[in-house]
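Read the structure below first, then the notes.
Worth knowing before you read on, the calculation uses all heavy atoms, side chains too, and leaves out hydrogens, waters and symmetry mates. Computed from a prediction, not measured in an experiment: that's the story for all the values here.
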Amino acid sequence: VQLQASGGGLVQAGDSLRLSCAVSGLIFTNYAMAWFRQAPGKDREFVGGLTRSGRDTYYANSVKGRFFISRDNAKNTVDLQMSSLKPEDTAVYFCAADLLGSGRGTAEYEYWGRGTLVTVSS
């Protein structure tokens with residue numbers, strides 16, 4: 001199983017950035033997907049997730065209205081569109097797959113990508 005996140009980079013506050021995660025080695029439509037992030041010295045935290053169909057999405061309060069998660073079940077990809085970025089969004093962003101449901105805890109996700117770094121300068 002591989003989850004390959006890409007799209008990170010250095011941006012300025014207020015900019016937008018789109019992350020993408022390519023998934024292989026599992027039946028993609030069986031898995032709920034999510035993005036997490038981990039800032040330096042902090043725990044990994046939930047950012048946003050969506051159900052197997054992609055019909056239902058849910059977000060952390062800190063990103064609600066600024067970040068949007070989507071999936072393409074034909075291409076086995078899940079994207080995170082980020083806008084109005086803030087310096088506090090600086091973190092390594094990880095995509096993750098959950099077979100059983102659509103939770104917010106790191107322990108609920110079976111598979112993880114290696115992460116992509118997003119740095120937002122003020």
Side-chain angles (χ1 to χ4, degrees):
V1 176
Q2 284 194 321
L3 286 74
Q4 183 63 53
S6 61
L10 173 63
V11 297
Q12 293 187 329
D15 283 353
S16 298
L17 198 62
R18 188 176 185 92
L19 306 183
S20 186
C21 177
V23 180
S24 60
L26 51 75
I27 301 175
F28 187 64
T29 51
N30 284 354
Y31 287 79
M33 299 296 299
W35 286 91
F36 289 75
R37 67 186 181 186
Q38 188 166 18
K42 295 188 177 181
D43 293 335
R44 192 170 298 189
E45 64 175 4
F46 173 80
V47 173
L50 75 174
T51 54
R52 296 171 182 82
S53 67
R55 189 175 300 119
D56 298 311
T57 58
Y58 44 103
Y59 300 93
N61 287 336
S62 60
V63 307
K64 199 172 294 183
R66 300 188 298 122
F67 289 14
F68 295 92
I69 189 170
S70 60
R71 66 189 293 163
D72 187 331
N73 284 345
K75 296 181 179 179
N76 287 12
T77 58
V78 56
D79 289 354
L80 183 68
Q81 178 66 47
M82 306 183 292
S83 60
S84 302
L85 282 161
K86 305 175 182 180
E88 51 263 44
D89 294 318
T90 295
V92 177
Y93 283 72
F94 300 87
C95 56
D98 176 16
L99 178 63
L100 296 180
S102 47
R104 296 173 181 249
T106 57
E108 300 176 62
Y109 287 79
E110 292 87 2
Y111 299 108
W112 292 83
R114 295 176 65 88
T116 185
L117 176 63
V118 174
T119 303
V120 184
S121 64
S122 57

Joint cluster assignment, Val118 & Tyr59, ILVMFWY side-chain distance < 4.5 Å
yes
Closest heavy-atom contact between Ala39 and Ala91?
N-CB, 3.7 Å
For Gln4, does the CD atom sit with more than 12 other heavy atoms under 6.0 Å from it, leaving out its own atoms?
no
Contact list for residues 112-122, test side-chain hydrogen bond (donor to acceptor under 3.5 Å, both in side chains), sequence neighbours left out:
none
Using the rule that Ile, Leu, Val, Met, Phe, Trp and Tyr join whenever any side-chain heavy atoms are under 4.5 Å apart, tell me whether Leu19 and Leu10 fall into a single cluster.
no
Sequence neighbours excluded, the answer for side chain to side chain donor-acceptor pair (under 3.5 Å) partners of Lys86 is none
Please enumerate all residues that pass ring-ring contact (aromatic ring centres under 6.0 Å, His included) together with Phe46, with sequence neighbours excluded.
Phe36, Tyr58
What residue pairs, at least two apart or across chains, pass side-chain hydrogen bond (donor to acceptor under 3.5 Å, both in side chains) with a residue in residues 21-36?
none
Which residue pairs pass the side-chain hydrogen bond (donor to acceptor under 3.5 Å, both in side chains) test when at least one of the two sits in residues 11-20, sequence neighbours left out?
Arg18-Asp79, Arg18-Gln81, Ser20-Asp79
Are Val78 and Phe67 linked, directly or through intermediate hydrophobic residues, by side-chain heavy-atom contacts shorter than 4.5 Å (ILVMFWY only)?
yes
Is a side-chain donor or acceptor of Thr90 paired with a backbone partner of Val120 at a separation under 3.5 angstrom?
yes
Can you list every pair that meets disulfide bond (SG atoms under 2.5 Å apart) and has a residue in residues 21-122, with sequence neighbours left out?
Cys21-Cys95
Same apolar cluster: Leu85 and Ile69, side chain cutoff 4.5 Å
yes
Residue pairs meeting side-chain hydrogen bond (donor to acceptor under 3.5 Å, both in side chains), one or both in residues 43-55, sequence neighbours left out, come to Arg37-Glu45, Gln38-Arg44
Are Val47 and Tyr111 connected, step by step, through hydrophobic side chains (Ile, Leu, Val, Met, Phe, Trp, Tyr) whose heavy atoms are closer than 4.5 Å?
yes
Selection residues 104-113 - residue pairs positive for salt bridge (Lys or Arg N to Asp or Glu O under 4.0 Å), sequence neighbours left out
none
Would you say Tyr109's side chain and Gly103's backbone share a donor-acceptor pair under 3.5 angstrom?
yes
According to salt bridge (Lys or Arg N to Asp or Glu O under 4.0 Å), does anything in residues 64-74 pair up with another residue at least two apart or in another chain? List the pairs.
Arg66-Asp89
Counterpart residues, side-chain contact (heavy atoms from CB on, under 4.5 Å), relative to Asn76 (two or more places apart):
Phe28
